[in-house]
Amino acid sequence: MKTKKNTQNIRLIIFTLVFFCFTQSFCYAQQNFWEPSHIIGEDEENIELKIDSIVSQLTLKEKVDMCHAQSKFSTKGVPRLGIPEIWMSDGPHGVRAEIKWDDWGYAEWTNDSVTAFPALTCLASTFNPELSGEYGFSVGEEARYRKKDILLGPGVNIYRTPLNGRNFEYMGEDPLLASKMVVPYIKGVQKNGVAACVKHFALNNQELWRDQINVEVSDRALHEIYLPAFKAAAIEGKAWSFMGSYNKFRGQYCCHNDILLNQILKGDWKFDGVVVSDWSGAHSTKESALYGLDIEMGTGTDGLGTTTASHYQHYFLATPYYNKLLSNELPEASVNDKVKRILRLMYRTTLQKNRPRGKMNNKEHHGIAKKVATEGIVLLKNENDFFPIQDKSGLKIAVIGENATRSMTLGGGSSQLKAQFEISPLEGLKKKYKNAKIYHSMGYETGPSIYDTVMPASLDADSLKVAAVNLAKKVDVVLFFGGLNKSHLQDSEGTDRKQFGLPFGQDELLGEIQKENKNVGYILMTGNAVEMPWIDSIDGLIETWYLGSMAGEAIADIIIGDTTPSGKLPFSFPAKLEDNAAHSFGEISYPGDSDLNQHYKEDILVGYRWHDTKNIKPLFAFGHGLSYTSFEVSNIKIDKTKFTTQEHIELHFDVTNTGNRKGAEVVQVYVGKPNSNIKRAVKELKGFQKVHLENGEKKNISMTIPVSSLSFYDEQISDWNIEKGKYNIYVGTASDNILKEITITLK
């Protein structure tokens with residue numbers, strides 16, 4: 001019996017193996033063209049042949065179904081052929097918590113907490129492209145771990161007005177800085193087999209009326225200011241996806257805009273990836289089909305408006321598109337192109353062979369988050385060496401302000417995060433200071449926010465103020481934690497700020513505190529420039545941005561002096577709102593006229609270009625940032641002074657840390673064209689280098705600037721052109737701190 005039973009078991013095993021081999025062979029015969037492959041390094045021609053083979057086997061309905069959402073954050077696959085779904089997540093500062101299939105509520109998973117990285121404004125402030133790559137890779141690892149195929153970020157819209165609620169998600173006012181920072185971020189994300197989705201293409205430079213405003217801008221400003229970072233993302237970063245923006249450009253919505261998507265992105269730049277609409281950014285079946293959109297997401301019938309049965313089939317690129325294809329009103333070639341792009345993205349992501357598994361909430365990610373935070377914090381003012389504040393026995397420090405304890409990973413719209421933890425500034429300071437005594441008083445009440453998960457209790461503003469002032473009387477040092485937060489009408493998606501000044505009576509509270517204690521430092525937490533009527537009355541001012549999970553540790557390290565600040569401002573702080581270029585021309589320039597048309601009247605003179613050219617002194621200039629140590633930039637020279645347009649300008653200089661602390665300086669190189677035949681800014685950033693030095697250390701630095709980068713966009717020929725003659729090269733450490741000027745000649 002035992003022998004017979006063993007024989008039966010062996011037969012069963014053999015039968016199972018034979019059946020398994022047969023079924024696998026059959027599946028392979030049916031789907032061998034779907035063998036996942038790593039498109040990088042593989043024969044791209046072979047990939048394209050595979051894609052063509054797949055398209056030929058799809059029905060028209062299956063093709064159309066791949067071009068629109070099936071849920072809030074996913075698109076359909078084709079189970080018949082083993083074609084997978086595509087899953088997306090909001091970014092760019094981390095992977096958003098899971099959203100329900102069919103409404104905007106959170107799914108309330110217990111395993112979707114992530115590392116919250118600093119806002120991209122902080123990343124830009126590091127002026128450190130290598131660090132940007134580490135940031136992108138870490139976020140990409142977390143997206144991959146969460147099984148996402150597309151991460152909706154980074155954002156590179158240009159900082160045009162300090163009222164834009166979404167500026168904190170972007171990389172500042174200068175196109176070169178944004179270009180240099182976005183490329184390594186994209187490459188870092190995509191090393192994980194996750195597509196970066198560069199947004200919002202293009203001219204989405206305000207949130208007020210964002211889904212209605214029609215932007216009119218010159219071709220020159222478009223190509224010189226607003227497109228370079230997107231161009232770098234497409235050509236140098238080789239981004240696998242782009243997101244269209246809500247607004248119109250020259251009368252046509254940007255999510256299906258012939259000029260932006262067909263002519264420029266897919267034509268001039270040879271972008272071979274996927275264009276995803278912003279949620280509800282599509283408005284027409286015909287234009288979505290013909291003018292560059294590939295995947296339609298979040299259209300109004302999906303819960304943003306009235307829910308209907310099978311609502312995803314009512315999208316512009318769903319049943320209406322299918323019917324127009326059947327009736328030959330639209331060419332099938334349009335859907336074939338979309339499907340090919342979607343399949344190409346799949347080969348790069350969900351079908352990539354040897355795709356990494358990803359990681360989440362590990363010490364490496366926490367370390368990168370803290371490194372970005374500390375390198376991005378900007379020391380704006382430090383009279384009488386107010387900072388750093390040493391940890392002395394008996395020292396009493398008052399921490400005043402709700403921003404010292406408020407969560408800054410929540411709120412802000414789609415970029416809000418469910419962080420595994422968030423170290424508050426107060427927590428960080430209490431942990432860091434072992435000898436000094438730390439006291440906290442809330443000081444002001446923020447009021448309710450539509451994004452707050454827990455509404456604050458109603459508090460009496462006068463009582464809060466009195467308590468804070470009384471505390472200030474009893475301490476040696478006051479650290480005022482103020483600024484904005486990520487609530488409605490502050491730094492938040494969907495709305496612009498309504499005032500340039502600080503909210504919640506902060507200015508008045510600060511004045512009352514200073515009557516009792518003159519030793520006050522301001523810790524500013526914003527994603528935007530703000531008005532500072534009190535600037536002359538304080539000695540110390542630090543801009544910390546929104547720093548994510550490691551915020552408290554990074555801020556405490558800077559305040560106590562364990563880390564020397566090295567951040568530089570990625571945009572100008574005007575002294576008053578009308579000093580900003582966009583606001584100087586009235587409502588036609590911002591926010592737009594009664595017909596919802598808006599003209600960028602400042603043209604190419606954005607940010608420091610405006611301040612320099614119009615001789616309007618900023619409160620704090622682009623590129624400004626102080627240190628606890630000192631630096632000398634010397635021996636600035638170039639190899640020659642005459643160039644042709646095909647050459648490169650080679651700059652050489654020494655950077656010496658002349659102080660007693662290790663630190664980093666950012667050397668910035670600007671170029672201007674005196675006596676130009678065309679309108680120009682006084683100078684434009686053309687290169688920068690962050691140099692890390694031990695105290696007393698000296699490094700010789702070389703910087704290469706292509707002469708071709710001195711070109712301007714010539715509207716007469718619709719192409720780039722360059723003037724001959726003399727140019728000035730300005731080397732400095734901020735746009736208003738030029739150390740040397742060198743004249744060169746282009747032959």
Side-chain angles (χ1 to χ4, degrees), residues 377 379-408 422-446 456-457 459-485 502-526 530 532-544 547 551-563 565 628:
I377 290 173
L379 179 61
L380 293 174
K381 185 178 181 182
N382 201 25
E383 299 291 328
N384 303 313
D385 293 326
F386 184 92
F387 295 111
I389 300 172
Q390 296 180 5
D391 185 15
K392 297 178 181 179
S393 180
L395 181 67
K396 297 178 181 179
I397 301 174
V399 173
I400 294 177
E402 192 203 21
N403 276 8
T405 57
R406 183 184 177 93
S407 171
M408 293 298 183
E422 180 180 357
I423 301 171
S424 72
L426 181 62
E427 182 183 354
L429 288 167
K430 285 186 173 181
K431 182 179 178 181
K432 180 64 65 172
Y433 281 87
K434 306 295 186 183
N435 300 307
K437 298 294 184 181
I438 304 292
Y439 306 89
H440 176 244
S441 182
M442 190 168 166
Y444 56 86
E445 178 187 13
T446 62
L459 298 170
D460 183 86
D462 288 337
S463 297
L464 292 174
K465 184 191 299 183
V466 168
V469 172
N470 285 337
L471 176 60
K473 295 177 183 178
K474 304 171 184 177
V475 298
D476 304 298
V477 180
V478 173
L479 295 177
F480 190 101
F481 280 78
L484 306 174
N485 59 48
L502 291 171
F504 317 129
Q506 292 181 60
D507 295 344
E508 181 183 354
L509 173 60
L510 181 63
E512 293 297 314
I513 289 171
Q514 288 179 311
K515 291 178 182 177
E516 305 298 334
N517 192 325
K518 301 296 184 183
N519 204 22
V520 180
Y522 204 118
I523 314 300
L524 190 66
M525 304 173 76
T526 73
V530 296
M532 302 182 193
W534 35 261
I535 188 62
D536 292 334
S537 67
I538 63 167
D539 286 340
L541 174 62
I542 297 176
E543 171 64 81
T544 68
L547 300 182
E553 284 195 10
I555 291 171
D557 277 359
I558 293 290
I559 289 175
I560 203 171
D562 284 355
T563 302
Y628 294 157

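For this chain, numbers begin at 1 and follow the sequence in order.
The structure places CG of L509 at 9.0 Å from CG of L464, a figure rounded to the nearest 0.5 Å. Interatomic distance, I560 CD1 to Q390 CD, rounded to the nearest 0.5 Å: 9.0 Å. Atom CG in N403 sits 9.5 Å away from atom CE in M442 (nearest 0.5 Å). The distance from atom OG1 of T526 to atom CG of N485, rounded to the nearest 0.5 Å, is 11.0 Å. Atom CG in L502 sits 9.5 Å away from atom CG in L510 (nearest 0.5 Å). Here the straight-line distance linking atom CG of L524 with atom CD of Q506 works out to 8.5 Å at 0.5 Å rounding.
Listed for the N435 side chain is no donor-acceptor partner under 3.5 Å among the backbone atoms of K392. Using modelled atom types, one side-chain atom of N382 and one backbone atom of F387 make a donor-acceptor pair closer than 3.5 Å.
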Side chain to side chain contact (heavy atoms under 4.5 Å, CB included) between F386 and L379: does it pass, once the steps are laid out?
CA-CA 11 Å; F386 184 92; L379 179 61; over 6 Å; no

Assess the residue pair V399 and F481 against the criterion (side chain to side chain contact (heavy atoms under 4.5 Å, CB included)); give the C-alpha distance rounded to whole Å, side-chain angles, the decisive distance to 0.1 Å, and a yes or no.
CA-CA 7 Å; V399 173; F481 280 78; 3.7 Å; yes

Go through M525 and R406 one step at a time and tell me if the side chain to side chain contact (heavy atoms under 4.5 Å, CB included) criterion holds.
CA-CA 11 Å; M525 304 173 76; R406 183 184 177 93; over 6 Å; no

Side chain to side chain contact (heavy atoms under 4.5 Å, CB included) between I377 and I555: does it pass, once the steps are laid out?
CA-CA 8 Å; I377 290 173; I555 291 171; 4.1 Å; yes

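Nearest approach of E553 to K431, heavy atoms of both residues: OE2-NZ, 3.3 Å. Across all their heavy atoms, I423 and G428 have their closest contact at CG2-N, 4.0 Å. Contact between A398 and V475 at its shortest, heavy atoms only, is CB-CG2, 3.5 Å. Residues V477 and I389 share a closest heavy-atom pair of CG1-CD1, 3.8 Å. Closest approach of Y628 and I558 over heavy atoms only: OH-O, 2.7 Å. Contact detail for D391 and A436: the closest heavy-atom pair is OD1-N, 2.8 Å.
No side-chain heavy atom of E516 sits under 4.5 Å from any side-chain heavy atom of V478. At least one side-chain heavy atom of E422 sits less than 4.5 Å from a side-chain heavy atom of M408. In this structure, I559 and L429 have side chains that are in contact, with non-hydrogen atoms separated by less than 4.5 Å. Residues M532 and L541 form a side-chain contact, since some pair of their non-hydrogen atoms from C-beta on lies under 4.5 Å apart.
Taking the six-membered ring where tryptophan is involved, the planes of F504 and Y444 are essentially parallel, since the angle between them stays under 30° and well short of 60°.
Applying the 6.0 Å contact sphere to NZ of K432 captures more than 12 heavy atoms from other residues, nucleotides or ligands.
Under the salt bridge (charged side-chain N to carboxylate O under 4.0 Å, His left out) rule, K465 has a single partner from E512, E508, E445, which is E508.
Between K430 and E427 there is no salt bridge, since none of the side-chain N atoms of the basic residue sits less than 4.0 Å from a carboxylate O of the acidic one.
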